[in-house]
Amino acid sequence: MPAADPQPEILPRAEHGISRTQIDENTLKVLYRLHRNGYLAYLVGGSVRDLLLGRTPKDFDVGTDATPAQVKKLFRNCFLVGRRFRLAHICFSRNDVIEVATFRRQPALEELPEDPAEHFLLVQNQFGTPREDAFRRDFTINAMFYNIADFSIIDHVGGLEDLAARRLRVIGDPLVRFQEDPVRMLRALEFEARLDFTLDEVASAGIRECAPLISEAAPARVREEVLELFRHAVAAKVLRSAQTAGLLDPLLGGYQADQATLDLLTQLDQRTTAGTKCEEGFALAALFLSSFLQKCPATGDLQIGDVLQTANRAIGTYSNYFRIAHGIRHQARELLLGCYRLGRGRGRRGERRFLQHPATPRSLELFMLWSRVTGGEPELVDSWRDALRNREEAPQSQPKPKTQRRPRRRRSGNRRPQPNT
Ligand code: ATP
Ligand code: MG
């Protein structure tokens with residue numbers, strides 16, 4: 001007879017602080033309905049971690065032993081999504097979708113496809129027991145369950161102990177887990193920074209060893225994880241630790257962050273913490289502003305076309321690799337160009353038009369963060385701010401009739417967006 005699975009640690013309701021009032025109402029509805037119909041229904045992943053830490057979870061994910069088809073039968077508002085692994089989305093409104101996933105397991109070594117790039121997908125595809133589901137997760141603190149049947153916490157992996165010690169520990173052997181899915185290395189640095197936990201020494205050594213593998217991860221997943229750093233205001237910290245661990249270079253295709261960039265990202269993270277959402281175009285411009293301005297110094301006398309081309313080149317490798325959408329690239333380019341113009345000072349040709357340009361206020365925001373880094377010219381920032389305010393307060397002049405001008409011929413083919421010259 002095979003040995004029975006070891007029992008998980010169970011923390012009864014009386015011994016932890018998670019109350020149902022902290023759980024989103026619709027998530028509770030989903031949990032209860034699954035439970036009433038005889039299925040296991042757990043809150044899983046980051047939400048359990050955050051609730052135990054007294055933080056507000058970003059979202060609530062549900063784990064169950066019901067198959068996606070069984071979940072669909074229970075909820076009229078359920079849609080099955082995902083080509084490879086079917087997930088159930090229970091939609092309460094456009095912005096309120098609860099994700100329900102059937103417990104999955106880690107496949108055995110011999111089941112793994114030869115191509116390591118496909119490992120992650122396969123791992124996503126096998127149904128399993130709750131215990132197996134806990135073990136296929138990345139970190140012990142991300143693998144605890146909250147059981148709606150009795151409001152207890154179920155811990156198969158030692159997450160409670162690590163949480164109390166504020167320790168970030170990879171489940172299993174970090175070298176194996178990082179090879180299986182290199183994105184976990186970036187997630188390790190992200191959670192270390194977000195939660196201010198100590199990353200386990202074995203995991204740190206594992207990152208140093210496996211760092212080059214990150215260049216094999218799917219760009220779309222890496223891009224999403226990089227955006228998480230900006231959303232959670234830990235971009236500066238994580239980029240710095242990634243650089244130290246040798247992860248940054250293979251992560252962003254040879255990208256190196258100089259001290260000024262790291263300082264700018266610190267400013268940007270503070271702005272995010274203070275409540276201003278960081279959009280992707282803004283993050284992209286911040287990543288490349290320092291190197292761009294080195295090539296386009298305010299004192300130089302460059303043609304605006306050349307400046308624009310330099311901005312394009314600055315963000316080009318990153319944008320192509322991550323397939324950044326045209327509109328976002330355009331936004332980042334406008335911001336870089338705007339910072340160049342702002343740095344050149346007041347009274348230049350075309351200032352009025354520049355002040356009217358819709359991208360200029362955001363360029364000034366970036367320029368203001370940059371000037372805090374360089375320690376330069378707070379009066380210049382103030383002066384631009386006044387100019388922008390006056391522009392907003394001044395009544396808009398009527399557009400002149402264009403009768404004197406010869407109508408311009410439209411270029412054939414794709415029209416390029418106009419720079420904010
Ligand atoms: P947050 O949503 O607050 O950023 P989270 O822990 O919920 O944090 P998600 O990216 O939403 O993170 O992932 C949900 C859960 O899925 C994680 O808690 C973890 O258990 C598991 N998970 C996510 N990514 C991986 C991965 N690459 N390998 C293994 N498990 C993962
Ligand atoms: Mg989450």
Side-chain angles (χ1 to χ4, degrees), residues 22-24 27 42-64 82 84-85 87 89 97-107 112 116-126 128 130-146 153-159 162-163 168-197 203 206-207 210 213-214 216-218 220-235 238 251 272:
Q22 295 165 290
I23 302 172
D24 156 73
T27 306
Y42 298 163
L43 210 56
V44 298
S47 55
V48 183
R49 172 199 73 220
D50 286 343
L51 289 171
L52 284 169
L53 286 170
R55 292 164 170 253
T56 309
K58 195 177 71 180
D59 45 35
F60 294 91
D61 293 331
V62 171
T64 181
R84 302 265 189 147
F85 187 78
L87 284 171
H89 276 181
V97 178
I98 314 289
E99 192 168 288
V100 180
T102 308
F103 299 129
R104 287 171 252 175
R105 73 181 168 88
Q106 179 88 25
L112 287 175
E118 289 177 19
H119 285 190
F120 183 75
L121 276 178
L122 192 87
V123 172
Q124 302 258 337
N125 272 324
Q126 316 285 320
R131 182 175 177 80
E132 288 169 330
D133 189 82
F135 275 91
R136 61 115 191 144
R137 292 174 183 273
D138 46 7
F139 308 107
T140 58
I141 56 163
N142 283 352
M144 289 175 283
F145 303 135
Y146 171 86
I153 303 290
I154 304 174
D155 176 17
H156 289 275
V157 293
D162 288 337
L163 203 77
L168 188 63
R169 198 159 57 84
V170 174
I171 297 174
D173 178 351
L175 283 181
V176 174
R177 302 305 309 281
F178 292 158
Q179 281 165 23
E180 214 172 69
D181 176 19
V183 175
R184 290 180 186 139
M185 295 188 274
L186 183 57
R187 287 175 62 85
L189 301 182
E190 179 193 328
F191 285 114
E192 179 190 34
R194 269 172 63 182
L195 307 171
D196 200 17
F197 272 33
I207 295 180
C210 297
L213 295 180
I214 193 89
E216 289 166 24
R221 290 188 58 221
V222 176
R223 173 189 171 192
E224 193 46 44
E225 222 54 65
V226 169
L227 278 179
E228 285 287 291
L229 308 180
F230 284 94
R231 287 187 198 124
H232 289 284
V234 290
V238 174
L251 178 75
T272 310

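In listed order, ligands and their atoms are each counted from 1. No experiment lies behind these values; they were computed from the predicted model shown.
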### Query
Does the pair E225/R184 count as a salt bridge with the N-to-O cut at 4.0 Å?
no
### Proximal candidate to atom 20 (O) of ligand 1 [heavy atom criterion; set D61, N142, V183, L186]
N142
### Minimum-distance N/O/S atom that D59 presents toward the Mg ion (ligand 2)
OD1
### Task
Work out whether the distance between some heavy atom of R221 and some atom of ligand 1 is less than 4.0 Å.
yes
### Task
Provide the number and element of each atom of ligand 1 under 4.0 Å from a heavy atom of E228.
4 (O)
### Message
Using a 4.0 Å cut-off to any heavy atom of F191, which atoms of ligand 1 qualify?
### Response
6 (O), 8 (O)
### Message
Do the side chains of R177 and E180 get close enough for a salt bridge, i.e. N-O under 4.0 angstrom?
### Response
yes
## Note on the structure
Quick note on ligand 1: atoms under 4.0 Å from a heavy atom of G45 include exactly 18 (O)
### Task
Would you give the length of the straight line joining atom CG of L87 to atom CZ of R104, rounded to the nearest 0.5 angstrom?
6.0 Å
### Query
Where do R231 and E228 land on the salt bridge (charged side-chain N to carboxylate O under 4.0 Å, His left out) test, with the steps shown first?
CA-CA 5 Å; R231 287 187 198 124; E228 285 287 291; 2.5 Å; yes
### Query
Salt bridge between R137 and D133, side-chain N to carboxylate O under 4.0 Å?
yes
### Message
Could you work out, for atom 25 (C) of ligand 1, the closest of V48, V170, D138 by heavy-atom distance?
### Response
D138
### ligand 1-proximal atoms of R184, by part, heavy-atom distance under 4.0 Å
side chain
### Task
Could you tell me the separation between the CD1 atom of I171 and the CD1 atom of I141, rounded to the nearest 0.5 Å?
10.0 Å
### Message
Quick check on contacts: which atoms of ligand 1 are under 4.0 angstrom from a heavy atom of R136?
### Response
29 (C), 30 (N)
### Among R187, E99, K58, closest by any non-hydrogen atom to atom 9 (P) of ligand 1
R187
### Query
Nearest 0.5 Å, what's the CD1-CG distance between I98 and D61?
8.5 Å
### Query
For ligand 1, is F139 a contact, meaning one of its heavy atoms is under 4.0 Å away?
no
### Those atoms of ligand 1 less than 4.0 Å from some heavy atom in R49
1 (P), 3 (O), 5 (P), 6 (O), 8 (O)
### Under-4.0 Å heavy-atom contact with ligand 1, by part of F135 that carries it
neither
### Between CG on residue D24 and OG1 on residue T56, distance to nearest 0.5 Å
12.5 Å
### Query
Does an N or O anywhere in R194 fall below 3.5 Å from an N or O of ligand 1?
yes
#### Entry: D181 touching ligand 1 at heavy-atom level, < 4.0 angstrom
yes
### Query
Looking only at distance, does E190 have an N or O less than 3.5 Å from an N or O of ligand 1?
no
### From F60, Y146, F103, residue fulfilling ring-ring contact (aromatic ring centres under 6.0 Å, His included) relative to Y42
F103
Hey, can you pull the donor-acceptor pairs under 3.5 Å for the side chains in residues 46-55, sequence neighbours left out?
residue : atom : partner : partner atom : Å
S47     : OG   : V44     : O            : 3.1
R49     : NH1  : N142    : OD1          : 2.7
R55     : NH2  : R194    : O            : 3.3

